[in-house]
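Below is one structure, written out as structure tokens; comments come after it.
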Amino acid sequence: MKKLLFDIDILLNSQGKETGICRVCLQILKELSKRREYEIYPLVSLRTSINVEQYLSSKGLDSLTNKIVYLPYLKATCGGIKRKYRIKAKILKFLCGKKYKKELKKYDEYISIFSPISPLVLESDLKTRLFIHDLFPINFPKACDKKFIQKYTHWMQMAKVDEFICISQNTQADFLKFRPDIHPSKTKVVYLAADERFKPTQNAKIKEKYDIQTAKYFLGVSDHNPRKNFPHLIQSFIEFVKSKKVSDISLVLVGPKKQFNEIEELVANLKELKDKIILTGFVPDEDLPALYTEAELFIYPSLFEGFGLPVLEAMQCGTPVLTCDNTSLPEVGGKATEYISGKDISETVQKMAEIHQDEKMRQKMSSAGLKRAQQFSWAKTVNQIFNLK
């Protein structure tokens, strides 16, 4: 049985509200904990006020609570762009190097779902794996904070591990273009999956809980980032309602409200129909399947994705999906979803109307989505990452 150090810092930073990459990390950890081939040691390398044992227990990972490894300065040995961080990294490597190297010898492998990997780990005999989710900050710098772009670019330039796990063919192509020094054989494409809880789920009170007062609704799920293209979705929905004279439908947008300032302002400034746009804020996982299932259509107009997990979650719930034809999204949706450019409001409005008016089309999309979703699972993901059967 191999001993695996599994970096869980990103989970602790989520403070129990896992979205996106955090959800990926948690699902891989859960699936891997079922396997006999690996003995998992959750690694905590950042200072945190969270009780790690309680956190793991709350996620059904009681078997890992007595295997937590604390190496609090390990991440700081990665250094950074600024000179002061590079100096600090050298000092910490000198002070902690012997102790940490001795500890690292106890394990066989190391995996990080997101965070940079310490030089101390890379210099050890551990087999190392690092996930590459996307290169959005590098490919679309205008949509990101400059400091984060610098940090992320430096990180991608310096990344050196035994194997890079790319979550789509599109991500792999982007990464190899950015890092021509990396041989393709050191990269592997491994698709993600949706939690098993995402399945057709009926809940008569879900609409009341989120104050959805119309008979039908379109659904959007995401954090707010310019690439998610929510303003386009809102403007298209308003035009759809007005031009097609539809009165019994709302647009429900799920995502952390603290990130929705721009969207809230956009909705507040609408002269009419703003009561048809509902911002739910963060929605717990237990409510999401029913919200997906009850929606007439799930719309994901993202302009750039490393994978596109919400598309898969919606398909797994049997919800018809309308998404964009860019980056990795066709890899996920295949022929089961309808596509738009995400840049032409009239095009999006026309697709909304076509799907809304055709019940047989929605039923066909629902069936195709459910069938497509069966091609993805966390068991398959973990098998491919770790070369298991």
Side-chain angles (χ1 to χ4, degrees), residues 5-10 13 20-22 24-25 28 43 45-46 71 73-94 96-97 100-101 104 109-190 192 225-227 302-307 326-328 385:
L5 274 178
F6 195 115
D7 186 336
I8 64 167
D9 285 344
I10 191 172
N13 286 336
I21 295 174
C22 295
V24 172
C25 184
I28 292 174
L43 172 68
S45 60
L46 292 175
L71 298 176
Y73 298 108
L74 188 62
K75 255 337 135 47
T77 63
C78 292
I81 302 172
K82 294 184 178 180
R83 185 170 178 269
K84 64 178 181 180
Y85 294 122
R86 295 199 299 269
I87 293 174
K88 181 180 179 181
K90 288 181 180 180
I91 293 172
L92 287 172
K93 283 181 70 176
F94 175 76
C96 305
Y100 285 5
K101 285 180 180 179
L104 291 171
E109 298 184 12
Y110 183 110
I111 188 167
S112 172
I113 307 301
F114 180 74
S115 305
I117 298 178
S118 166
L120 294 175
V121 176
L122 299 175
E123 293 165 7
S124 71
D125 293 329
L126 278 75
K127 177 170 183 176
T128 52
R129 294 183 176 93
L130 174 67
F131 265 64
I132 306 296
H133 295 271
D134 62 58
L135 272 73
F136 177 73
I138 297 168
N139 290 346
F140 292 88
K142 291 182 180 180
C144 297
D145 176 77
K146 288 184 179 180
K147 289 184 178 180
F148 179 72
I149 294 169
Q150 292 177 337
K151 182 178 179 180
Y152 193 83
T153 301
H154 175 74
W155 174 17
M156 289 291 102
Q157 288 172 335
M158 301 303 293
K160 294 179 182 179
V161 293
D162 294 313
E163 191 169 52
F164 295 94
I165 307 297
C166 302
I167 63 173
S168 66
Q169 293 177 23
N170 183 77
T171 292
Q172 182 190 48
D174 280 351
F175 181 63
L176 290 174
K177 183 178 179 180
F178 179 73
R179 289 288 304 273
D181 59 304
I182 300 293
H183 194 276
S185 63
K186 293 195 71 173
T187 68
K188 180 192 289 186
V189 174
V190 179
L192 306 181
N225 182 294
R227 66 169 160 161
S302 178
L303 298 174
F304 187 99
E305 287 295 321
F307 182 76
N326 61 57
T327 56
S328 64
I385 294 170

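All values below come from the heavy atoms of this structure, side chains included, with hydrogens, waters and symmetry mates left out.
- Within a 6.0 Å sphere centred on CG of Asp181, heavy atoms belonging to other residues, nucleotides or ligands number more than 12.
- Under the 4.0 Å criterion applied to side-chain N and carboxylate O atoms, Lys75 and Asp9 are assigned as salt-bridge partners.
- Scanning both residues, Thr171 and His133, for their nearest heavy atoms gives OG1-O, 3.0 Å.
- In this structure, Asp174 contributes its side chain and Leu135 its backbone to no donor-acceptor pair below 3.5 Å.
- Under the 4.5 Å side-chain criterion, counting only non-hydrogen atoms from C-beta, Leu46 is in contact with Asn13.
- Here His183 contributes atom NE2 and Leu176 contributes atom CG; the two are 10.0 Å apart, rounded to the nearest 0.5 Å.
- A heavy-atom distance below 4.5 Å is not found between the side chains of Leu122 and Tyr110.
- Taking a cutoff of 4.0 Å between a charged side-chain nitrogen and a carboxylate oxygen, Lys127 and Glu109 do not qualify as a salt bridge.
- Between Asp145 and Lys147 no salt bridge is recorded (no basic side-chain N to carboxylate O distance below 4.0 Å).
- No donor-acceptor contact under 3.5 angstrom links the side chains of Glu305 and Ser328, judged on distance only.
- The closest donor-acceptor contact from the side chain of Arg86 to the backbone of Ile81 lies under 3.5 Å.
- With hydrogens and angles left out, the side-chain atoms of Thr77 and Lys93 include no donor and acceptor closer than 3.5 Å.
- No side-chain N or O of Thr153 forms a donor-acceptor pair with one of Gln150 less than 3.5 Å apart.
- Remark: the Ser115 side chain and the Ser112 side chain contain no N/O donor-acceptor pair separated by less than 3.5 Å.
- Relative ring orientation between Trp155 and Phe114 is described as perpendicular, the plane-to-plane angle rising above 60° on a 0-90° scale split at 30° and 60°.
- Both the sub-6.0 Å distance and the 45° axial angle are satisfied by Arg227 relative to the ring of Phe136.
- Atom CZ of Phe175 has more than 12 heavy atoms from other residues, nucleotides or ligands within 6.0 Å.
- Counting all heavy atoms, side chain and backbone alike, Pro137 lies closest to Asp134 at CD-OD1, 3.9 Å.
- A donor-acceptor pair under 3.5 Å is absent between the side-chain atoms of Ser118 and the main chain of Cys78, judged by distance alone.
- Of all heavy-atom pairs spanning Gln157 and Arg179, the tightest one is O-NH1, 3.2 Å.
- Taking a 6.0 Å sphere around NZ of Lys88, one finds it holds 12 or fewer heavy atoms contributed by other residues, nucleotides or ligands.
- At a threshold of 4.5 Å between non-hydrogen side-chain atoms, the residues Leu43 and Leu74 count as touching.
- Side-chain contact between Ile111 and Phe131 is present, with at least one heavy-atom pair separated by less than 4.5 Å.
- Here the shortest heavy-atom pairing between Ser168 and Val189 reads C-CG1, 3.7 Å.
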